[in-house]
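In this chain, numbering begins with 1 at the start of the sequence shown. All figures in this text were calculated on a predicted structure; none of them were measured in a lab. Both ligands and their constituent atoms are indexed starting at 1 by order of listing.
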Amino acid sequence: MSHPSFPGLSQGVSELRASEIRELLKLIARPEIISFAGGIPDPALFPLDAIGKAYQAVLQDQAAARDAFQYSISEGYPPLREWITGYLARNGITATSEEVLITSGAQQALDFIGRAFIEPGDGVVMTSPSYLGAIQVFGTYRPTFISVPMDDEGAVLSELEAAFRKQPKFFYLTPDFCNPAGITTSLARRRAILELAHRYGVAILEDCPYEELRYENPRIPSFAALEGEYLQQPGNDGRRLVIYVGSLSKVLTPALRIGWICADPALINKLVLLKQASDLHCSTINQMIACEIAKSSHASQVEKLRKAYKERRDVMLEALERCLPKEVRYTHPDGGMFIWLEFPEGIDGTELLAEAVKDIQVAFVPGSAFYATEPKRNTARLAFSLGEPERIREGIERLAALLQNKLRANRAA
Ligand code: PMP
């Protein structure tokens with residue numbers, strides 16, 4: 001549905017459009033639809049007992065309750081920042097609390113970084129495809145997007161170097177099991193990207209909300225961890241170019257809206273001022289609850305989620321392997337929530353979605369939404385985080401049969 005514009009809106013805002021896909025997806029909230037569209041955590045796996053206990057503990061302690069409902073500092077609740085530095089240290093990132101700013105989810109972190117860096121026309125490098133929410137939020141600052149394709153080890157180096165030659169402000173990527181393609185950037189590729197970034201002086205913005213949701217193969221160090229090692233080596237350039245964004249949304253619960261940025265203190269100091277100007281601070285009570293449940297339940301949640309989501313991923317991969325026409329390619333994610341399909345040219349993901357919803361009651365997200373430039377229309381994202389294995393199997397079987405029919409019809413035409 002299109003709305004008339006309001007006089008006086010800035011160009012960035014007047015160019016904002018509700019995506020056609022979002023409109024389509026509104027139609028699929030019917031129970032008979034098997035949906036692979038929602039890339040969200042399964043609420044049945046939320047740590048509700050721990051959340052209940054944490055609220056009770058705060059509310060029963062008068063002093064704590066008064067603090068919990070009071071204004072607090074923009075940098076974030078100190079014990080939560082400390083928990084985050086401990087979490088980062090366990091993953092090879094050495095940082096002090098002064099290098100961590102708590103944000104309202106990773107999404108606000110991306111917004112602040114966009115606001116801090118982008119002036120209209122500035123280059124911003126994105127993997128192709130990329131997280132839709134990042135494309136949307138950076139888009140409001142009107143950059144010139146430069147897209148870099150990925151192979152199964154991550155961004156293609158020769159194309160990334162060509163992009164870095166244009167002196168962009170930063171390179172945005174999700175290194176682990178990216179949303180939407182499920183691709184993980186390999187260790188060798190990470191090292192090479194880091195080297196390129198330092199050679200060209202381009203910041204790397206790594207968005208890591210899924211890093212704990214790994215179902216096979218050993219963990220790969222983040223760019224922030226690798227840069228820490230690089231900065232120990234003699235003759236390094238001394239610059240800290242990696243901006244790490246984390247989130248508790250996928251492991252604990254999204255509604256607490258807790259994310260963070262870990263970066264050079266010179267940048268964090270500026271971002272704290274943006275936080276102050278924007279919303280003063282994250283909800284004090286939410287930060288206190290997040291801190292409690294992070295301490296009590298983060299490790300057990302990770303274990304529980306890995307088990308549940310791995311089973312769903314395996315069921316989806318098995319069904320794809322068994323039923324999908326051979327001309328359709330799909331990724332094999334080591335973790336996260338997403339598998340990416342690439343159809344033969346001529347099959348349009350948006351048209352396929354309309355047919356799938358109407359004829360076989362299956363939904364997914366057409367891939368064209370996930371491109372900052374030049375969308376590939378013959379693509380789709382499947383999320384396996386929601387739903388019983390049996391429904392996942394059934395949905396893939398139906399989708400595969402629809403694709404078989406379409407390909408047969410295309411061949412006959
Ligand atoms: N980055 C990526 C890659 C995501 O997939 C998401 C959520 N879908 C976010 C950031 C935003 O997460 P948060 O809830 O922490 O704002």
* Structure fact -> Here the gap from Leu248 atom CG to Glu212 atom CD, rounded to the nearest 0.5 Å, amounts to 10.0 Å
* To do: For the residue pair Asp111 and Tyr141, confirm or rule out a side-chain donor-acceptor distance under 3.5 Å.
  => yes
* Could you tell me whether some N/O pair between Pro254 and ligand 1 is separated by less than 3.5 angstrom? => no
* Is Glu374 atom CD crowded by more than 12 heavy atoms from other residues, nucleotides or ligands, each under 6.0 Å away? -> no
* Any idea which protein heavy atom is nearest atom 11 (C) of ligand 1, and the distance to it? -> Tyr131 OH, 3.5 Å
* Numbered atoms of ligand 1 (with element) below 4.0 Å of Thr174, judged on heavy atoms -> 3 (C)
* **Member of Phe164, Tyr230, Phe223 meeting the ring-ring contact (aromatic ring centres under 6.0 Å, His included) criterion with His198** => Tyr230
* Search all heavy atoms of Asp334 against all heavy atoms of Arg313 and return the closest pair with its distance. => CA-NH1, 3.9 Å
* To do: Could you tell me which atoms of ligand 1, counted from 1 in the order shown, lie closer than 4.0 angstrom to a heavy atom of Ser249?
  => 13 (P), 14 (O), 15 (O)
* Close-contact set for ligand 1 against Asp207 heavy atoms, below 4.0 Å -> 1 (N), 2 (C), 3 (C), 10 (C)
* **ring-ring contact (aromatic ring centres under 6.0 Å, His included) partner of Phe138, chosen from Phe170, Phe171, Phe112, Phe117** => Phe170
* Would you mind finding which of Gln107, Arg257, Lys250 brings a heavy atom closest to atom 8 (N) of ligand 1? => Lys250
* Proximal ligand 1 atoms for Ser247, defined as those under 4.0 Å from one of its heavy atoms -> 13 (P), 15 (O)
* Return a yes/no value for Asn179: is any of its N or O atoms, backbone included, closer than 3.5 angstrom to an N or O of ligand 1? => yes
* Can you list the ligand 1 atoms lying under 4.0 Å from a non-hydrogen atom of Tyr210? -> 3 (C), 4 (C), 5 (O), 8 (N)
* Check if Gly133 has a non-hydrogen atom at a distance under 4.0 Å from any atom of ligand 1. => no
* Asked: Is a side-chain donor-acceptor pair under 3.5 Å present for Tyr200 with Glu161?
  -> yes
